[in-house]
Amino acid sequence: MIIVRTAKESDLDGVMSLAEQAFPGMTTLPPERAVLRSKLVNSAASIEKNITQPDDETYFLVMHDTEKDLIVGTAAIIACLGSKDEFYSYKLNKVTHSCKELDKKVTFEMLNLSNHFEGFSEVATLYLDQGYRKNGNGRLLAKTRYLFMAQFRDRFPESVMADLRGYFDEHGNSPFWDAVGSHFFEMSFADADLYGAVHGNQFIADLMPKQPIYVNMLPRSAQAVIGRPNDVGKPAMRMLEKEGFRWNGHVDIFDAAPSVDTKIDDIRSVRNSHLAELIGISEFDGDDQALIASSDIHSFKACATRISVEKGGVRLPRATIKALELELGDSVRYLLSNPESTS
Ligand SMILES: CC(C)(COP(=O)(O)OP(=O)(O)OC[C@H]1O[C@@H](n2cnc3c(N)ncnc32)[C@H](O)[C@@H]1OP(=O)(O)O)[C@@H](O)C(=O)NCCC(=O)NCCSC(=O)CCC(=O)O
């Protein structure tokens, strides 16, 4: 069975081999054991924390093939950006200059360094083993985070963002990095990305130019990738858009990838998910399809399942109940694959 659950420190080997497969370009999943271990430890500690207001918590989820006992995917939620260190983006703005004497008006674009996303949650680290990119696993992995946010709503602020992977060419070069960041950091794109993932982002604050950048002064190859996701990031972008995330002109300062955002309560899977009591076992094949998650943060697990939604609660197949370690009377959060089918 394929389940998604909160990660444990003992998942480190599995997460490390996924990070090695994903490198480069997944900033929040660097192939560095110490960094990954601290992510897993922080996640477990975040779950134990009594939260009055979202702070520097992170929640790290893994996809587990329970039959093969393999970790095959990762996904994370950072509760509140900027609570530990600064979070930088560029905001693409339009500026108009006009000259009466020449009767000329020019409109051009500028990139302004911004801390706009501080105080937002971030969904990140979405990575699925190549061999498991099928059967809706990617959807389960991504959406489990929204079920988690809906279930533990007080742990998150009003808004959420996501950074896509930016464009780089077949040699791993980012035209935006080459035109902008490389002049200030004297590192390759991959090295700077890894350095940030390991040491945090203070070096960006220290070294990045503080003045706005005129887009039309950049080489055309760099202009062309502002707000352009990498081809391998298109499925992730598509899933975010379907949830209601939109691009509002913010881009990643390294590779100019689009940063998209929305309000947590407006996320489609948050809005359409329901809490219900598990009232019994369902034996029928004609039920609806759904994603289902347990409601206790200490044993949080989710999977795809058949479900029978009734007035007093829901019925689930035995295998689902076993996989999520549920008992009759437990609360579960479900998201129907076709919400129109709810009565
Ligand atoms: C992102 C995932 C996990 C998605 O898994 P799958 O590839 O199996 O997903 P999928 O079901 O095949 O596709 C998801 C949706 O994208 C559509 N889709 C697929 N390929 C597409 C393409 N080339 N262009 C446009 N849309 C495309 C599918 O039709 C489907 O939409 P329909 O449902 O409409 O049919 C995987 O691709 C992956 O691990 N990619 C490499 C790592 C990566 O780029 N991760 C994102 C980093 S950015 C990040 O982590 C922040 C974002 C985030 O956390 O959410």
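As the structure is a prediction and not an experimental result, all values here were calculated from the model. Note that the numbering runs from 1 along the sequence shown for the chain. Start at 1 and go down the list; that is how both ligands and their atoms are numbered.
For the residue pair Asp261 / Asn248, a side-chain donor-acceptor distance below 3.5 Å is found, with atom types taken as modelled. Side-chain atoms of Tyr59 and Arg145 include no donor-acceptor pair closer than 3.5 Å.
Nearest protein heavy-atom contact of atom 11 (O) of ligand 1 is Arg139 NH1, 4.2 Å. In this structure, the protein non-hydrogen atom closest to atom 25 (C) of ligand 1 is Lys234 CB, 4.0 Å. For atom 33 (O) of ligand 1, the nearest non-hydrogen atom of the protein is Lys242 NZ, 3.1 Å.
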For Arg228 and Leu164, what are the C-alpha separation, side-chain angles and deciding distance, and is it a side-chain contact (heavy atoms from CB on, under 4.5 Å)? CA-CA 9 Å; Arg228 176 173 167 191; Leu164 273 304; over 6 Å; no
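When hydrophobic residues (I, L, V, M, F, W, Y) are linked wherever their side-chain heavy atoms come within less than 4.5 Å, the members clustered with Val15 are Leu12, Met16, Leu18, Met26, Leu29, Leu36, Leu40, Phe60, Val62, Ile71, Tyr127.
Of the polar atoms of Thr125, at least one N or O is found under 3.5 Å from an N or O of ligand 1, judged by distance alone.
Sorted by first then second residue, the ring-ring contact (aromatic ring centres under 6.0 Å, His included) pairs that include residues 11-55, not counting sequence neighbours, number zero.
In this structure, atom 28 (C) of ligand 1 is not in close contact with the protein, since no protein heavy atom lies within 4.0 Å of it.
Among Thr27, Asp163, Leu18, Asp129, the residue whose heavy atom sits closest to atom 49 (C) of ligand 1 is Asp163. Here the shortest heavy-atom distance to atom 1 (C) of ligand 1, taken over Leu128, Val123, Val160, Leu126, belongs to Leu126.
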